[in-house]
Amino acid sequence: MSIAKTYLPKETEEKWYSYWLKHDFFKSVPDEREPYTIVIPPPNVTGVLHMGHMLNNTIQDVLVRRARMKGKNACWVPGTDHASIATEAKVVAMLKERGISKADLTRPEFLAYAWEWKEKYGGIILEQLKKLGASCDWDRTKFTMDEDLSEAVIDTFIHLHKKGLIYRGIRMVNWDPQSKTAVSDEEVIRKEVNQKLYYIRYAVKSESREDGKTESTDAATDLQTSELPDYLTIATTRPETIMADAAICINPNDERYVHLHGKSVYIPLIHRTIPVILDEYVTMDFGTGCLKVTPAHDLNDYELGQKHKLPVIDILNDDGTLNDKAQILIGVDRFAARKKIAVLLEEAGALEKVEDYKSQIGFSERTDAVIEPKLSMQWFCKMGEMAKPALDYVLNGEIKLIPDKFINTYRHWMENVRDWNISRQLWWGQQIPAWYLPNGEFVIAKNAEEALVEAKLKNPAFTAQDLTQDPDVVDTWFSSWLWPISVFGGFKDPDNADINYYYPTNDLVTAPEILFFWVARMIMAGHEFRGEVPFKNVYLTGIVRDKLGRKMSKQLGNSPDPLDLIAQYGADGVRVGMLLCSPAGNDLMFDESYCKQGSGFANKIWNAFKLVKGWEVDDTLANPNSIAIDWFASRFDQALGQIEDNFAQYRLSEALMDTYKLVWDDFCAWYLEMIKPVYQHPIDRATYTATIQFFENILKVLHPFMPFLTEELWHDELFGERAEKECCIVAQLPVIGEINARLLSEVETVKEVIGAVRNTRQTKHIADKEPLELLVKTNSGINYLQYQAIIARLGNISRFSEVTDKVEGAISFLASTDEFYIPFKEEINPVAERARLEKEKEYLLGFLKSVNAKLSNERFMSNAKPEIIEIEQRKKADAEAKLQIIQKALDDLAD
RNA sequence: GGGAGUUUAGCUCAGCUGGUUCAGAGCAUCUGCCUUACAAGCAGAGGGUCACUGGUUCGAACCCAGUAACUCCCACCA
């Protein structure tokens, strides 16, 4: 049987993923083992896999697989989020393509289409995750609109309403005229936009002039012909809202406008009279110092209007067109109206000037439409009371944020939390369980029947026909905040075996941008509904950016297709690639070359396997490699400790790098080269057995990072017969053994010797093939003869022996404090040799000087810790010893 | 405007309580090797004013103050 020259991921991945599924390795049911639980941040059903998902799910899979291999009962619950706004938008678009308008459909008809869409496309992203190797318990797959999850949403709504935490109120909301729904503050993205600042003149009503002189109000309609043009000028970016003005506000301290106190002005074009009001809110040196107050279309104006009891005139329809209250341009879209009104104002002589102006504008995260501040009746959830315990969990460390720099951000947000607008003007989602009565009251109930019962308590005469359910649905986050509880059925049956076993979950892996609207709210829900935290650790991943630091997005087209990457580099290669550049909590500058490095690593392992696989064993041979075996055993355990430590601190990319170097450098470049038999020669049994054991342990350590390759190799006959269910995925990680520190350190010196020999070959142009002689004069006490075989093999040394005196006519170097000589026929250039030695001497003298400076410094000696002083003294002795050797060499050279 | 973070080699990042020859790793680069596992390889080498300025300390990449650049969050003047 011939082995492929390189690792071929494709068949391997398909084969083992279905094998794992077939044997239920991802499946978890409560048992006596310690649980390890992760609930997936449910991707939108509309979603397709992007690089952010790749990173996020790679990390989760690494954590889950590692937990499984540490003997825990690992459970990773997958699922999707119904994403009301995004999905409804997709469904509306799909219907439009089919020539159907949402407006022509009844709610049940629309929902039927939506479900049809969900069934067809909703599972795509989960299928894509399988390509990555995600070891989710697919039998537990949940959807935020599953019957039981929806029921939990309704029940919690009722519960919170009863507690007085949910209320209905008029609020200025962020209105998305495109999706015709309110969106939360967090879903509004502010961008700087080039705009125009329009300076508009409002004629002052003359009859209230203090001189008593009266003027026809008509005069104000035409400023150009007015004899005494008496007007004020306001600056606005939104001239189309002047018809909604309720007042003009000036600062009472503004001396320029004292004459306007108590006056009224005419709104241009429609000639409605509005008062001039005084409030210090107005900044005198901004614009003209006169502010138009438009309570219906600006949050601050609304508050100002409340304060001054101004009427609210809403001139916009839900779709952003002007309504009849505007009196003019009725039915025209707000942006078209802006242009038209500028022309009209110009014609009326009311437009003083137009300036370019930059300002921040809110855009809907989901539809990218310009957000319209709009007054509307909405449902709210009070946050203050719930935020307190949720903040405490994080501050007292019951929930750890990784990295912890996010604690400050979290606290800042929780201390300034605002009530949560939970209603959305959509159909896709859980409909708000509120029924309105003809008298304007409402009842909250689980369903229509119970609502009627409630209604009859108010008035027995009410019938089912009198009840109208609120058409809105709850915010998507109002279902996903329950996710860690609801996926385990913790609402329907709060004492069931699953929730008792798996909850609280262990780690949550998510993006920092949803720390507030998802993570914080899950913590609130956890406290409110179960009295405990929903998870213990929150690992916050970075944003995946391209090399130029731009966020990867569809719009920019700078995001590679993850499935293409997997096809090209293999899932293992991509997983390694993602982790190589992903420090926790920091953004990662992703570049495809990391995946290349990942697949190169897979190939390296594959080739190491090929080498070992090709060996023939001869049982009659003695074991010449016991030192190498002992060394690697210690080195492996040492690395295992570092890896464990890095995992404990969630430094996944560090843990991967430790593993990478262990495999590539220690195992392949050093160990295998030490023990590799000469071509076509057999190997002894002891070395062979030890090597296979090492390899097997390496596969285990690698498995969480590279599940497919490791599983593939694991089943090779090289590693012996395995029962069908004995898979790498469920193997137990090796336990750290005793580490021989002396051996590790001596081998480091031996490596140094080999490096020096190789370096000598390079600089003296001696071919690698040409064997050399090596002599050592030991000062350190290291018994180099022990390492003779290794040195001979890796340095291509034909004769290695110890000497007691300096060797003449040889190339020399120092390793530790030991002197090494390579007898070499080429005449040594005494000038160059002297220069080399002088350079080294100079360096050592400088070094010694700094050490001595410390040691002769009284304050150092009295302040520094004893172990530090001891180290310094050892450094001194070491340097002095080396100096002596070099000085002697220099002296000899002078002779 | 308020808050947080970042700044270390060409790139991506470590550097944990201030103290080891502490200035590191991987990638990239350069040089030499097509040595029977791997050229997706092997061996070797070069590369840094630790953003800047000052301070504390026996000692600073690390602590403090200030400055600059970049990033994110929050609020927002029409």
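Just so you know, these numbers use all the heavy atoms, side chains as well, and skip hydrogens, waters and symmetry mates.
- No contact: A/A602 has no heavy atom under 4.0 Å from any strand.
- Scanning both residues, A/T541 and A/A511, for their nearest heavy atoms gives OG1-CA, 3.9 Å.
- Separating the CH2 atom of A/W664 from the P atom of B/A39 is a distance of 11 Å, rounded to the nearest angstrom.
- Rounded to whole Å, the separation between the P atoms of B/G26 and B/G19 comes to 23 Å.
- Looking at A/R874 and A/E872, no side-chain N of the basic residue comes within less than 4.0 Å of a carboxylate O on the acidic one, giving no salt bridge.
- Considering only the side chain of A/Q762, B/U31 comes nearest among B/A4, B/U31, B/A37.
- For the pair A/K751 NZ and B/A43 C1', the interatomic distance rounds to 15 Å; values are reported in whole Å.
- Rounded to whole angstrom, the span from the CZ atom of A/F406 across to the C1' atom of B/U71 amounts to 11 Å.
- Residue-level contact check: A/V282 touches the bases, meaning some heavy atom is under 4.0 Å from a base atom.
- Ion pairing between A/D591 and A/K596 fails under the 4.0 Å rule for side-chain N and carboxylate O.
- Between the side chain of A/Q680 and the base of B/U36, no donor-acceptor pair of N or O atoms lies under 3.5 Å.
- When each of B/C58, B/A37, B/C27 is scored by its nearest atom to the side-chain atoms of A/Y679, the top-ranked nucleotide is B/A37.
- Contact annotation for A/C249: no contact, since no heavy-atom pair falls under 4.0 Å across all strands.
- Taking side-chain N and O atoms only, A/R761 has no distance below 4.0 Å to OP1 or OP2 of B/C33.
- Among the nucleotides B/C13, B/G44, B/U35, the one closest to any side-chain atom of A/N759 is B/G44.
- If you check every strand for non-hydrogen atoms under 4.0 Å, A/L844 touches a base.
- For A/R651, the listed nucleotide lying nearest its side chain is B/A14; candidates were B/G19, B/A14, B/G26.
- Between A/E240 and A/R334, no side-chain nitrogen of the basic residue sits less than 4.0 Å from a carboxylate oxygen of the acidic one, so the salt-bridge criterion is not met.
- Put simply, the side chain of A/K610 and the base of B/C38 share no donor and acceptor less than 3.5 Å apart.
- The separation of B/A60 from B/U17, taken at their C1' atoms, amounts to 14 Å, rounded to a whole angstrom.
- Comparing the same atom, C1', in B/G59 and in B/A23 gives a spacing of 16 Å after rounding to whole Å.
- Picking from B/G26, B/G44, B/A78 the nucleotide with the shortest atom distance to the side chain of A/K661 gives B/G26.
- Along RNA chain B, the nucleotide nearest to A/A879 and the one nearest to A/D298 differ in position, and the one closer to the 5' end is contacted by A/A879.
- Closest to the side chain of A/L291, from the set B/A78, B/A37, B/G5, is B/A78.
- Straight-line distance between the C1' atoms of B/A9 and B/U49: roughly 13 Å, to the nearest whole Å.
- Salt bridge present: A/D716 and A/K613 bring a charged side-chain N and a carboxylate O closer than 4.0 Å.
- Under the 3.5 Å distance criterion, with hydrogens and angles disregarded, no donor-acceptor pair is assigned to the side chains of A/D279 and A/N251.
- In the interface, the side chain of A/E673 is paired with the base of B/A37 through a donor and an acceptor atom under 3.5 Å apart.
- We find that CG of A/L794 is positioned 13 Å from C1' of B/U35, with the value rounded to whole Å.
- Separation of the C1' atoms belonging to B/C58 and B/A14 is 28 Å when rounded to the nearest angstrom.
- With distances taken from any side-chain atom of A/N408 to the nucleotides B/C42, B/G5, B/U35, the minimum falls on B/G5.
- Nucleic acid contact for A/K604: base, since at least one base atom lies under 4.0 Å from a heavy atom of the residue.
- Between A/E770 and A/K764 there is no salt bridge, since no side-chain nitrogen of the basic residue lies less than 4.0 Å from a carboxylate oxygen of the acidic one.
- Here A/N300 lies in heavy-atom contact (under 4.0 Å) with sugar-phosphate atoms only.
- When the C1' atom is compared between B/U53 and B/A69, the two are found 15 Å apart, to the nearest whole Å.
- Considering only side-chain atoms of A/F860, the nucleotide from B/C13, B/G44, B/G19 that sits closest is B/G19.
- Proximity note for A/T409 (side chain, C-beta onward) versus B/A40, B/A4, B/G26: the nearest is B/A4.
- Taking atom C1' on both nucleotides, B/C27 is separated from B/A40 by 14 Å, rounded to a whole Å.
- Set against B/C27, B/A40, B/C77, the side chain of A/Y660 has B/C27 as its closest nucleotide.
- As judged by a 4.0 angstrom heavy-atom cut-off over every strand, A/K5 is placed among residues touching the sugar-phosphate backbone only.
- Rounding to whole angstrom units, CG of residue A/D301 and P of B/C77 are separated by 9 Å.
- Look at the C1' atom in both B/G10 and B/G48: the space between them is 11 Å, to the nearest Å.
- With rounding to the nearest 0.5 angstrom, the CZ atom of A/F705 is 6.0 Å from the CG atom of A/L652.
- Comparing A/R859 and A/T6 along RNA chain B, the residue whose closest nucleotide (by nearest heavy atom) sits nearer the 5' end is A/T6.
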